[in-house]
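Keep in mind it's a predicted model, so treat the numbers as computed, not measured.
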Amino acid sequence: MLPCVKDREKMDDIDAMFTHLLGEMDHLSQSLKTEGDSPEADSAAQTEKTFSIGFNDLNESLNELEDNDLDALMADLESKSAAQEPLTSEPNIGGTNDQTAPPATTQKHEPATALPPPPGTDVSCRNMQMREPQTKAEKIKLALEKLKEAKMRKLIVKVLMSDGSSKTLMVDERQSVREVLDKLFEKTHCDCSTAWSLCETNPELLIERTFEDHEHLVEPLSAWTRYSENKIYFLPRPQKYVMFTDPQIFYMWKKDKAALSAINQQAKDLLVKENFGGSTLIVPDLEGTLYLKEDGKKVWKPRYFVLRASGIYFVPKGKTKSSTDLACFVHFEKINIYMTKNYKQKYRAPTNFCFMLKHPCIQKDSPYIKLLCCDDEKTLVLWVNSIRIAKYGTALYKNYQAAMKRASPTKTLQSAAYKEKSSGHTPEAGLSAPKTANHTEDYEYEPPPDFIPPPPPERTSF
């Protein structure tokens, strides 16, 4: 009898657990259904989070857009709407699935009228197509409607400058950081130096990260929380590509300072070619003692770390530096590296030369954040950029080549202007000026820029 009783009690426990599980699933489905029943509130919340970065609401961000950017947004949204409309199969749209698309010579607005519209909307659609929005308020109203219908993620981003001013840009999920930088070069008329960067700051964690040029900007910004105080800055960062301008710092770091300073440009180019130009990337064989912050405590303990292509490893207590004794500290696939500010005061770090390793979705203090501290700035630069090399590989080198290509026309113009000025040569009267002189005259009549960025500082702070 006793075994039967025990089996019955066990079955009762399983039934109770199963019933509880079904209740939880039902509760979850009801909550999802409730959310689905209020699309207006959900749409408003999604609009607030998805479409604007650095603004209180979407309407404010659209108002900050320049007229030409707003017109470009409207044209893009109209083209997307026209391309998607024949493919939709919603109940309120007439037509069948096998309906053919209009020929290539068809005008822009014809795809929207090719399908018979629902009753009562024919007049409004015709009026919308015949009368383009004239005022900025009308354009913003129409843009709000189109943005909610658009399937591609778009963000209106406020980018802050070093002088306190800002530029407002429309960015979609296809655009890389490199493309956004090119757009800012056009808006600010700056020198297009390779040092210019887009940086995100998190005031709660006191951290900053420079976006890599190959990243798609919308992706990391989408990880921000809805009421985030994070900001985006357009700033010069001279150490952005230091691994290519001074590769000996990373691949000859064990040598003394005098030997490193004696490296000429030809030797630097050879180092870059050997480590980045081959079939496989060579990661600096970096190792050394760093201070690790213990979880939940303001205590930092020295550990011996080793850099590898897959991540960072450390030597456990009582073990040797051999590869078999190394323990994994962190892998690079799911984490980003951030510079910190004033951690000596915030976390009682041994120095202020600290960096953070964390998942981009972690926006507040968390036990999953890894904090490391270096003895000096030289060690910090060495570790941070070596980790970037290991994480991003040859993509960094491609970014650098694209940045150099973008900066070279500016350097050529500046060099030509300097040579012409230093020679003191002026065309004689009655002789026609060369073509380059005409280009110079064209630049003189260019309107003054809204913002002239300051030159890159000698030393990066923060």
Which atom pairs, donor and acceptor, lie under 3.5 Å between side-chain atoms of residues 273-289 and protein residues at least two apart or in another chain?
| from | atom 1 | to | atom 2 | distance (Å) |
| --- | --- | --- | --- | --- |
| Asn275 | ND2 | Leu271 | O | 2.7 |
| Glu287 | OE2 | Tyr304 | OH | 2.8 |

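- There is a side-chain donor-acceptor pair under 3.5 Å between Asp213 and Tyr241.
- Looking only at side-chain heavy atoms (C-beta outward), Asp172 and Val218 stay at 4.5 Å or farther from each other.
- Between the CD atom in Gln248 and the CG atom in Asn264 there is a gap of 10.0 Å [rounded to 0.5 Å].
- Judged by distance alone, with hydrogens and angles left aside, the side-chain atoms of Ser197 form a donor-acceptor pair with the main-chain N or O of Ala195 at under 3.5 Å.
- At least one donor-acceptor pair closer than 3.5 Å links the side chain of His331 to the backbone N or O of Ser310.
- Contact record, Leu260 with Met252: CD2-O, 3.3 Å, taken as the closest heavy-atom pair.
- Across all non-hydrogen atoms, the minimal contact from Met243 to Lys240 is SD-O, 3.8 Å.
- Note: Leu205 CG to Thr340 OG1 = 10.5 Å, rounded to the nearest 0.5 Å.
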(request) Check step by step if side-chain contact (heavy atoms from CB on, under 4.5 Å) holds for Tyr368 and Ile335. (result) CA-CA 10 Å; Tyr368 299 102; Ile335 60 102; over 6 Å; no
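- Taking the centre of each ring, Trp383 and Phe355 stay at or above the 6.0 Å mark.
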(message) Quick one, Lys398 with Glu212, criterion salt bridge (Lys or Arg N to Asp or Glu O under 4.0 Å). Give me CA distance, side-chain angles, the key distance, then yes/no.
(response) CA-CA 11 Å; Lys398 293 178 181 178; Glu212 304 297 345; over 6 Å; no
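- A distance of 6.0 Å separates CD in Glu200 from CH2 in Trp224, rounded to the nearest 0.5 Å.
- Contacts of Tyr227 classified as side chain to side chain contact (heavy atoms under 4.5 Å, CB included), with partners at least two apart in sequence or in another chain: none.
- Taking CG of Asp376 as the reference point, atom OG1 of Thr351 lies at 8.0 Å (rounded to 0.5 Å).
- Taking the six-membered ring where the residue is Trp, the centroids of Tyr313 and Phe305 are separated by 6.0 Å or more.
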(request) Apply the test salt bridge (Lys or Arg N to Asp or Glu O under 4.0 Å) to residues Asp246 and Lys268: give CA-CA distance (whole Å), side-chain angles for both, the deciding distance (0.1 Å), then the verdict. (result) CA-CA 7 Å; Asp246 292 300; Lys268 292 180 181 180; 3.0 Å; yes
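- Between the side chains of Asp191 and Ser193, no donor-acceptor pair is found at a separation under 3.5 Å.
- With a 6.0 Å radius and a threshold of 12 heavy atoms from other residues, nucleotides or ligands, Gln345 has its CD atom at or below the threshold.
- Using modelled atom types, one finds a donor on one side chain and an acceptor on the other under 3.5 Å when comparing Gln363 with Asn230.
- Side-chain N or O atoms of Lys378 include none that pairs as donor or acceptor with a backbone N or O of Leu382 at under 3.5 Å.
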